[in-house]
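Below is one structure, written out as structure tokens; comments come after it.
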Amino acid sequence: HQVLRIKTRNEEEVQKLQLLESLEHLELDFWINPSTPALPVDVRIPANSVQAVKAFLESHGIEYSILIEDLQVVLDKEKQDMAYSQQRDRSSNSFNYGTYHSLDSIYAELDHLASEYSNIVSKLQIGESYEKRPLYVLKFSTGGSNRPAIWIDAGIHSREWVTQASAIWIAKKIASNYGKDPSLTSLLNKMDVFLLTVSNPDGYVFTHTTNRMWRKTRSKNQGSRCVGVDPNRNWDAGFGGPGASNNPCSDSYRGPSANSEVEVKSVVNFIKNHGNIRAFLTLHSYSQLLMYPYGYKCTEPADYAELDALGRAAASSIQSLYGTTFTVGSICTTIYQASGGSIDWSYDYGIKYSFAFELRDTGRYGFLLPASQIIPTAEETWLGLKKIMEHVRDNPY
Amino acid sequence: AAMELPSSHYSATRAAALAAGYVCYRRGSPGRGLALRAVRRASRQDIDDVGHKYHLELVLEDVLDKDSTVNCTAEVLYHLGNKNIAPAVQFTIEGELKNTDEADNIFYSRIKSLEKELVAENIPDSHGSVSPEMEPIRLLAQVASGYVIWQNSTENTKFQLAQIKHVKQVKRSDDCLEFDYMILLHEMVSQDIIPWQMTVLWHPQHGVQVTQDSCQPKHALE
């Protein structure tokens, strides 16, 4: 079957095509019907009729071009592409980083990375979610004992799918580039990295099964039919202050008390027990922002100058790859006053290098970022994270 | 007295988002969507007994052709007191926008020639995919949501079209195309997702009109 595009010059030619349209035995399938000389006419022609139609057009001097030479070839390729990507998904050796995955699929890949790169990667469980799903952290370490470490988390807000997807790509990047990238190698020779790829697994599953736009945890709220707490309003930093709701039905509900959410408490406990975390980096989407404290108050943190300069350097690294621009600033001046946020807690706890990223895009797709943008987003984000991690490595405190 | 604002400050970016939504509504079509690329400058004037007026210098981009940008100056006045009046927006675009007559006409003809009324849902889908045939339907929603966003914005809100949950074409006896949309708006300050119904009229020569719109209850989703 061929698809032709016919350019008519006048009404007379349009009428000739309408005549053609009426010849049912040709079995023509018009994708754009002949109506006015201003518009092209696209028509799919079964193999048997191709010669006849072309002869008709040529004899009347009507211009045409071939849009699709052989439709079957196009259809076969599409089927092949779909089968291939489906197969790649199922194969245990090739996790497709360029597509969105279920929780089970991500968890399976965590195990695969820990086994394939067992010399530097191990998987730890730091707790359980409200619905009893494990909270898994990947530890990247070349040895030592309680080395200074960098904490990275993603997916605390479950609808921000590009963050969990980027985190698993970043895990693979760190694991596979040790020994190849000099900067990363020197970093891992001195420091450990802890990566929580899915901070809110209950929410993440809910976005797959029921509501793609779910943000919060899935904990039940006493006395309300509304479910869930905003885990990024639940930290012990200005808790109860402006910028968080006390209404359980709100998407920024702070919860009944600080650390009421087990997903938050588990991270707090881990960080406190570790005792040597030097940077706290958290991934969100969307808006393309790189922010430092504070959110709960609009006064500058003591390390404002250093954090701002480092943020700008990281944003510059991000931009160097695909031109993606990130705006740098404190949470309070850039988006809003928001109490109970994670990087405010980590900063006040003593972790100087506390940053929150809002990844692609700026609203065109928002939370529904096309899968084709996962890897470019992960690649550029990695450059920003690396810039910060290198600074942490070179500026012990 | 006018106060210069850092272009990254949230009060500037909220006013800019509102202005961009309004411009998209006034100048958009199924063949053209305009989105905010950057805020170049922003200043605010507090006018006693009237409200807050923002003066903005923006860069807008053509959603279908990211390399195509235009400069735009806009003024946004948020009225003091009565929150039921939409902010007043005025704008000028520097230079000309690309002509989209051909794309608009192709879409118009395609829909007019459908045997059954168009029905679709979840645009984009969970993975961010939009089929090529649905792109103009999506753009039309983007343009129409600009109207809804304009009508419902305050200095404490920042709306973005998150997704089209459902769209249904409504047969008409005249030349206009009519679509009944159920969209999800993302309100970025409260972080809430708000379902909104809108009835949208369009004709290539007559621009986009929202003839009816209403906020829906949140649990309409769950």
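Reckoned from all heavy atoms, side chains included, excluding hydrogens, waters and symmetry mates. In what follows, chains are A, B, ... by sequence order, proteins preceding strands, each numbered from 1.
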Yes or no on side chain to side chain contact (heavy atoms under 4.5 Å, CB included) for A/Ile32 and B/Ser109, after CA distance, side-chain angles and deciding distance? CA-CA 8 Å; A/Ile32 302 180; B/Ser109 295; 5.5 Å; no
Neighbour count above 12 (heavy atom, 6.0 Å) for B/Lys112 NZ: yes
Below 4.5 Å from any heavy atom of chain A, which atoms of B/Ala35 appear? Answer side chain, backbone, both or neither. neither
Quick one: pull up CZ in A/Arg212 and CG in B/Leu184 and give me the separation to the nearest 0.5 Å. 11.5 Å
Donor + acceptor pair across side chains of A/Arg233, B/Gln191 (<3.5 Å): no
I'd like to check the ring pair (Phe, Tyr, Trp, His ring centres under 6.0 Å) partners of B/Phe107; sequence neighbours left out, ordered by chain and number. B/Trp202
Within residues 119-128 of chain B, residues adjacent to chain A where the heavy-atom gap is under 4.5 Å: B/Pro124, B/Asp125, B/Ser126, B/His127, B/Gly128
Taking side chain as everything from C-beta outward and backbone as N, CA, C, O, which of these in A/Cys226 sits under 4.5 Å from a heavy atom of chain B? Side chain, backbone, both or neither. neither
For B/Arg37, is it the side chain, the backbone, both or neither that has a heavy atom under 4.5 Å from a heavy atom of chain A? neither
Return the option, out of B/Val63, B/Leu161, B/Asn105, with the maximum number of heavy-atom pairs under 4.5 Å with chain A. B/Val63
Under 4.5 Å, heavy atom to heavy atom, which residues of residues 142-158 of chain B contact chain A? B/Gln142
Under a 4.5 Å cutoff for heavy-atom pairs, which residue among A/Ser252, A/Ser287, A/Ala338 has the most contacts with chain B? A/Ser252
For chain B, which residues of residues 359-367 of chain A have heavy atoms nearer than 4.5 angstrom: A/Thr362, A/Gly363, A/Arg364, A/Tyr365, A/Phe367
Give a yes or no on whether B/Lys53 atom NZ has more than 12 heavy-atom contacts from other residues, nucleotides or ligands under 6.0 Å away. no
So which heavy atom on A/Tyr336 is nearest to which on B/Met188, and how close? CE2-O, 3.1 Å
Counting only heavy atoms closer than 4.5 Å, note whether B/His186 contacts chain A via side chain, backbone, both or neither. side chain
If you tally heavy-atom pairs under 4.5 Å between each of A/Asp251, A/Thr325, A/Ile374 and chain B, the highest tally belongs to A/Asp251
Minimum heavy-atom separation for A/Thr327 to B/Ser8, with atom names? CG2-CB, 3.3 Å
Take A/Trp31 and B/Arg110 through the side chain to side chain contact (heavy atoms under 4.5 Å, CB included) test and state the conclusion after the steps. CA-CA 9 Å; A/Trp31 290 4; B/Arg110 198 188 105 212; over 6 Å; no
Name the region of A/Leu39, side chain, backbone, both or neither, that has any atom closer than 4.5 Å to a heavy atom of chain B. side chain
Counting heavy atoms not belonging to B/Arg41, are there more than 12 under 6.0 Å from its CZ? no
Is atom CD of A/Gln18 surrounded by more than 12 heavy atoms (other residues, nucleotides or ligands) closer than 6.0 Å? yes
What I'd like to find out is whether the side chain of A/Leu368 reaches to under 4.5 Å of the side chain of B/Gln163, using heavy atoms alone. yes
